[in-house]
Amino acid sequence: MPELPEVQTIVDDLNKRIVGRKVAGVWYDWPKTIKKPKATDLEKEIRGLKIEEIKRRGKNILIYLSKGVDKSAYLLLIHLKMTGHLLYGNWQMKNNKPVFPGKGFLSEKVNSYIHLIFYLDNGLELALSDLRKFAKVIFGPAEEIEKLGELHKIGPEPLNQSFKVGKFISLISPQRRKIKQVLMDPKVIAGIGNIYSDEILWQAKIHPLRSANSLKPEELEKIYKSIRQILEKALKLRGTSVSDFRDPLGKPGLYGKKLLAYRRGGEPCLRCGVKMKRLKMGGRSSCYCSRCQILK
DNA sequence: GGAGTTGTTCCGCC
DNA sequence: AGGCGGAACAACTC
């Protein structure tokens, strides 16, 4: 579920909390999550390294670590996919499973799906919780990890200053696919998934099935503005917790209350009152208003 | 029991 | 060639 605003929220939190910590150990119970190195080698390769900085690229969380001199010598890449959460706190093992001991913010379901833990040198832990076990973790020399397709074959960051409307148009207008699919393609533009693409197209009044190459410059401009506005607002509200998103301290994001289109099929359009529609694309559903978002 | 659920890649069909 | 649907990853909710 996490898209750009959720992942950025996590990255901002981690930068406040775990920079300067050293990795003291690793625990896991689902080796398939660890793509590189071999799961059995992760602990001996990462133990003792110091966390220097956390960045984001698309929906990837990038944790840079060092042995001291080169501050970005090693990279731990984490992609949360559909149901992953990164949680920072203090767990105890019960029946061979990590359990958060407190009654407060993490006493919910999220912590019962923890499959990987990084123990830190301050006694706290960074834990990966993942109900559906799609999340992945890759660790190695930064130079090597940065060359992988995960980071290399990814489109521009929509919130970067350098991402101007002209760049957006040149990227989108040659595409022959439906605009909804193009917006969700990480190779075209980074960080947008099913939730925000529905919100963006509703705000821009563009039908999700419009071919990208049929869009006029003024329509593309509206989409561009909606992308910036919606992602920025969602980021301010610390993301959307429509199913289960939690920040590293287990708190939900607040943008869920602001959603105007996502999952609103059958409900009245909040602009014109007409009943919203829902359609399927590539196994994913998209909600839109058939009056506001006309298919030409 | 069946359909639907957030991300991404890949495969086979047109 | 390239768009598209479906599968795969896995496990839950409605």
Side-chain angles (χ1 to χ4, degrees), chain A residues 1-10 28-36 39 56-61 77-86 97 108-116 128-138 148-155 158 172-201 208-214 230-231 234 238-247 252-253 255-256 258-259 261-267 277-287:
Chain A
M1 136 151 219
E3 302 180 30
L4 188 154
E6 292 78 30
V7 177
Q8 188 65 51
T9 297
I10 293 167
Y28 61 86
D29 70 351
W30 191 257
K32 284 167 86 174
T33 303
I34 303 165
K35 305 294 179 189
K36 214 183 251 274
R56 178 189 61 75
R57 181 72 177 94
K59 298 168 191 163
N60 297 284
I61 297 163
L77 179 154
I78 301 172
H79 197 304
L80 299 172
K81 293 288 179 87
M82 312 274 255
T83 54
H85 298 76
L86 264 190
K97 287 290 292 176
E108 11 189 338
K109 261 191 322 192
V110 168
N111 89 44
S112 62
Y113 299 109
I114 291 172
H115 295 296
L116 172 62
L128 175 66
S129 157
D130 187 20
L131 183 153
R132 285 172 78 179
K133 298 175 177 165
F134 291 173
K136 66 177 175 188
V137 165
I138 306 176
L148 298 176
E150 277 78 5
L151 297 179
H152 210 239
K153 293 194 278 186
I154 190 165
I172 302 298
S173 57
Q175 297 275 343
R176 306 155 88 103
R177 290 178 287 163
K178 320 288 183 208
I179 184 60
K180 164 91 175 169
Q181 287 177 314
V182 174
L183 290 179
M184 285 202 297
D185 185 345
K187 293 192 174 71
V188 177
I189 180 169
I192 301 173
N194 203 25
I195 296 174
Y196 293 109
S197 57
D198 267 9
E199 296 300 307
I200 289 161
L201 291 172
L209 294 182
R210 287 284 301 281
S211 293
N213 63 359
S214 78
I230 287 171
L231 294 183
R238 302 178 60 77
T240 299
S241 295
V242 74
S243 69
D244 233 346
F245 169 70
R246 292 294 183 275
D247 72 21
Y255 195 76
K258 307 282 181 187
L259 292 174
Y262 177 69
R263 278 198 178 175
R264 295 200 68 253
E267 293 172 49
K277 300 215 165 165
R278 187 167 77 103
L279 59 80
K280 295 279 284 180
M281 294 180 76
R284 210 130 264 134
S285 67
S286 171
C287 296

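If you're wondering where the values come from, they're calculated on a predicted model, not measured in any experiment. In what follows, every chain begins at residue 1, and chains take the letters A, B, ... in the order their sequences are listed.
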Compare the minimum distances between each of [options] and the side chain of [X], then state the nucleotide with the smallest one.
{"X": "A:K32", "options": "C:dA11, C:dC9, B:dT8", "answer": "C:dC9"}
{"X": "A:R278", "options": "B:dG7, B:dT5, C:dA10", "answer": "B:dT5"}
{"X": "A:K81", "options": "C:dA11, B:dT5, B:dT8", "answer": "B:dT8"}
{"X": "A:Q181", "options": "C:dC12, C:dC4, B:dT5", "answer": "C:dC4"}
{"X": "A:K133", "options": "B:dT8, C:dA10, B:dT9", "answer": "C:dA10"}
{"X": "A:K280", "options": "C:dA10, B:dG4, B:dG7", "answer": "B:dG4"}
{"X": "A:H79", "options": "C:dA11, B:dT8, C:dG2", "answer": "B:dT8"}
{"X": "A:N194", "options": "B:dG7, B:dT9, C:dC12", "answer": "B:dG7"}

Give the rounded distance in Å between these two atoms: [atom1] of [X] and [atom2] of [N].
{"X": "A:I192", "N": "B:dG7", "atom1": "CD1", "atom2": "P", "result": "11 Å"}
{"X": "A:K136", "N": "C:dC9", "atom1": "NZ", "atom2": "C1'", "result": "11 Å"}
{"X": "A:E3", "N": "B:dG7", "atom1": "CD", "atom2": "P", "result": "5 Å"}
{"X": "A:R284", "N": "C:dC9", "atom1": "CZ", "atom2": "C1'", "result": "12 Å"}
{"X": "A:H85", "N": "B:dT5", "atom1": "NE2", "atom2": "C1'", "result": "13 Å"}
{"X": "A:F134", "N": "B:dT9", "atom1": "CZ", "atom2": "C1'", "result": "12 Å"}
{"X": "A:K187", "N": "B:dG7", "atom1": "NZ", "atom2": "P", "result": "15 Å"}
{"X": "A:D185", "N": "C:dC4", "atom1": "CG", "atom2": "P", "result": "12 Å"}

Identified side-chain hydrogen bond (donor to acceptor under 3.5 Å, both in side chains) counterpart of A:Q8 within the set A:E3, A:R56, A:R238 | A:R56
Which part of the nucleic acid, if any, lies within reach of A:Y262 when heavy atoms closer than 4.0 Å are counted: base, sugar-phosphate only, or nothing?
-> sugar-phosphate
Sequence neighbours excluded - salt bridge (Lys or Arg N to Asp or Glu O under 4.0 Å) pairs with any residue from residues 182-192 of chain A = A:R177-A:D185
Verify, without hydrogens or angle tests, whether A:N213 (side chain) and A:S173 (backbone) share a donor-acceptor contact under 3.5 angstrom.
-> no
Report the residues that fulfil side-chain contact (heavy atoms from CB on, under 4.5 Å) with A:L259, sequence neighbours left out, ordered by chain and then residue number.
-> A:I195, A:E199, A:T240, A:V242, A:Y255, A:Y262
Taking only Lys NZ, Arg NE, NH1 and NH2, and the carboxylate oxygens of Asp or Glu, determine whether A:K180 and A:D198 approach each other closer than 4.0 Å.
-> yes
Contacts of A:K178 and A:W30 projected onto DNA chain C by closest heavy atom; the upstream (5') one is A:K178
Taking Watson-Crick and G-U wobble pairs with both distances under 3.5 Å, convert DNA chain B into its dot-bracket string, 5' to 3', dots for unpaired and | for cross-strand pairs.
-> .||||.||||||||
Would you find more than 12 non-hydrogen atoms of other residues, nucleotides or ligands less than 6.0 Å from A:K35 atom NZ?
-> yes
How about A:K277: does its NZ atom have over 12 heavy atoms from other parts shown lying under 6.0 Å from it?
-> no
Roughly how far apart, to the nearest Å, are C:dG5 and B:dG4 at atom P?
-> 15 Å
A:H115 versus A:D29, side-chain donor and acceptor atoms under 3.5 Å | yes
Is the shortest side-chain N/O distance from A:T83 to OP1 or OP2 of B:dT5 below 4.0 Å?
-> no
Could you tell me whether the side chain of A:R177 has a donor or acceptor atom within less than 3.5 Å of a complementary atom in the base of C:dG2?
-> no
